[in-house]
Amino acid sequence: MLSMETIRGATEKVKAACRFKNCDVDVDSVIALDDERKAVVAERDELNAERNRRSKDIGRRKRSGEDTSEIEASVKQISVRARELDAKAGEIEAELERLMLMIPNVPDDSVPQGASADDNVVVRDWGEQRSFGFAPKPHYDVAGGLGMLDLERGAKVSGSFFPCYTGAGALLERALVNFMLDMHTGRHGYREVFPPFLVNRRAMTGTGQIPKLEEDMYRIPEEDLFLIPTAEVPVTNLYAGEVLAEADLPVKLTAYTACFRREAGSYGKDTRGIVRVHQFNKVEMVKLCAPEQSPAELESLVRDAEDVLQALGLHYRVVMLSAGDMSFAAARCYDIEIWAPGMGRYLEVSSCSNFRDFQARRMNCRFRGKDGKLRHAHTLNGSGTALPRIWIAVVENCQQEDGCVVIPEALRPYMHGMERIRPPE
RNA sequence: GGAGAGGUGGCAGAGUGGUCGAAUGCGGCGGCUUGCUAAGCCGUUGUCGGGGAUUUACCUCGACCGGGGGUUCGAAUCCCCCCCUCUCCGCCA
């Protein structure tokens, strides 16, 4: 969430952010409500002060045996009035918080000030599109021939878009997870965590999935728990309500989790294969750092994700998102798009964002600076990377004319030394 | 699921209706002492919100003793609900 200082001091920018990110909040009325809050709180506090003075007086008089019934009656009246105002203040504060939680983060001045994905900017690319001596097939055809996927049976037990990986497909999935975790922990200096996959409402609110995206989450009503849509939620919220030491920053964490998304409203898109599914695996990187560090930490975060793709020899491009294409909580975001020759398009495998103090305010995560003062931390995260799409990229890029898939060398140690995936006997 | 114990300031740990934002100890910070260190002594040491002074550290009011509600002139202290932690029993991957 934004501070009230930001909302009051940069009102026009905040309004622009609401337009870019399609959030319907009346910023002026938020400010007006805060004015009202201040007035009610001031009156209540004055009454409380008077009540406290008189109550202490009652204590003194009782000890000296005086009659206090008159002054007690006066305090009673003050208390009743103060309680009414307190209730009113509580209502205003709840409404104010509800509205503040609906205001999106403000995009950085440095990002393209456009309204849609058309305004995104490719900032660099790596490698090139592989040329084939034959027509490359989409992953579902390649994987089908190799017994790597069983979408029909997955649909039988859960529904469509709940993929089931089989045989070498399952092994490839597991290999990719281990390969990426090893790289981030061993080479990039992240600490591995294995968090819960179900989180409470507070956590979902902390990272900003709620309220705007609540409809996209799977929810367990009995406990009001949500299946995580990304490891970002449990991992970032690990530090909710805490005060970190500046010397411990940046905190760099990596986690494998399954991710669950209802993908409400996206039916009809990407209906074949596993580009868009309700359950998928992902290795995520999360950072908490001091405000001064976050711009550089975002750049290194993207590089860490790129390293995965480079080690696998997969062509990709890095895109800076425009103000209108960024998520609710992000201030600045790079997407990494990997080339999928069978589908003939680039697929988003990673999204690396700097949230500045937006999530930290919601979570109340602070750090104590060297000067002894408390400040909100900055948070960042990025996929490193999302499994279905990197799985697709491996299968489609490494397919051979005979239908086999040659496994990238970096993955072979994770696949019992296997060099190529052949059709099952 | 059942029974019990407990959640107080950075930590430990007192406090069972007013003089408690909270003893005491440890830690932290400042100072004194000292050749240095240790020890000792003195002082200081939370967060959030409002108002005021001031180009920063200042003053003042309010709130906060797991969370929420209640009783009372007055609640860390009494009552109710919830959450979490620990111990034991049951069940179970």
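Lettering follows sequence order; numbering is per chain, from 1. Side-chain atoms are counted along with the backbone in the values below, which use heavy atoms only and exclude waters and symmetry mates.
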- Would you say A:Ser69 reaches B:C73's phosphate, i.e. side-chain N/O to OP1/OP2 under 4.0 Å? no
So, using salt bridge (charged side-chain N to carboxylate O under 4.0 Å, His left out) as the criterion, who are the partners of [X] when residues are at least two apart?
X: A:Glu242; value: none
X: A:Asp108; value: A:Arg356
X: A:Arg153; value: A:Asp150
X: A:Arg389; value: none

[atom1] atoms of [N] and [M], separation to the nearest Å:
N: B:U8; M: B:C84; atom1: C1'; answer: 16 Å
N: B:U34; M: B:U24; atom1: P; answer: 29 Å
N: B:U16; M: B:C11; atom1: C1'; answer: 25 Å
N: B:C36; M: B:G28; atom1: C1'; answer: 23 Å
N: B:U60; M: B:G40; atom1: P; answer: 34 Å
N: B:A76; M: B:A63; atom1: P; answer: 9 Å
N: B:C48; M: B:G9; atom1: C1'; answer: 15 Å

- Message: Going by side-chain hydrogen bond (donor to acceptor under 3.5 Å, both in side chains), name the pairs with one or both residues in residues 19-33 of chain A, residues two or more places apart or in two chains.
- Response: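 Checked against side-chain hydrogen bond (donor to acceptor under 3.5 Å, both in side chains) - neighbours excluded - the pairs reaching residues 19-33 of chain A are A:Lys15-A:Asp28.
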- Task: Not counting sequence neighbours, list each pair that qualifies as a side-chain hydrogen bond (donor to acceptor under 3.5 Å, both in side chains) and has a residue in residues 246-260 of chain A.
- Result: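 Only A:Tyr256-A:Asn281 qualify under side-chain hydrogen bond (donor to acceptor under 3.5 Å, both in side chains).
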[X] has an atom [atom1]; how far is it from atom [atom2] of [N], in whole Å?
X: A:Arg83; N: B:A63; atom1: CZ; atom2: P; value: 12 Å
X: A:Lys76; N: B:G74; atom1: NZ; atom2: P; value: 6 Å
X: A:Ile78; N: B:C61; atom1: CD1; atom2: P; value: 17 Å

Just by protein heavy atoms under 4.0 Å, how would [range] read 5' to 3' in B, S and -?
range: nucleotides 15-23 of chain B; value: ---B-----
range: nucleotides 77-82 of chain B; value: ------
range: nucleotides 46-51 of chain B; value: -SSBSS

If pairing requires Watson-Crick or G-U wobble contacts with both distances under 3.5 Å, which nucleotide is the partner of [N]?
N: B:C29; result: B:G43
N: B:U87; result: B:A3
N: B:C73; result: B:G18
N: B:C48; result: B:G62

- Going by number, which of residues 46-53 of chain A have a non-hydrogen atom under 4.0 Å from RNA chain B?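 The stretch gives A:Asn48, A:Ala49, A:Arg51, A:Asn52 as the residues lying under 4.0 Å from the strand, ordered by number.
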- Task: Mind checking side-chain hydrogen bond (donor to acceptor under 3.5 Å, both in side chains) for A:Glu284 and listing every partner two or more places apart, or none if nothing turns up?
- Result: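 Counting only residues at least two positions away or on another chain, A:Glu284 forms a side-chain hydrogen bond (donor to acceptor under 3.5 Å, both in side chains) with A:Lys282.
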- Task: Would you please name every residue forming a side-chain hydrogen bond (donor to acceptor under 3.5 Å, both in side chains) with A:Ser74, sequence neighbours left out?
- Result: A:Arg54
- Task: Could you walk me through whether A:Arg201 and A:Glu214 pass the salt bridge (Lys or Arg N to Asp or Glu O under 4.0 Å) test, one step at a time?
- Result: CA-CA 10 Å; A:Arg201 179 172 291 274; A:Glu214 182 164 351; 3.2 Å; yes
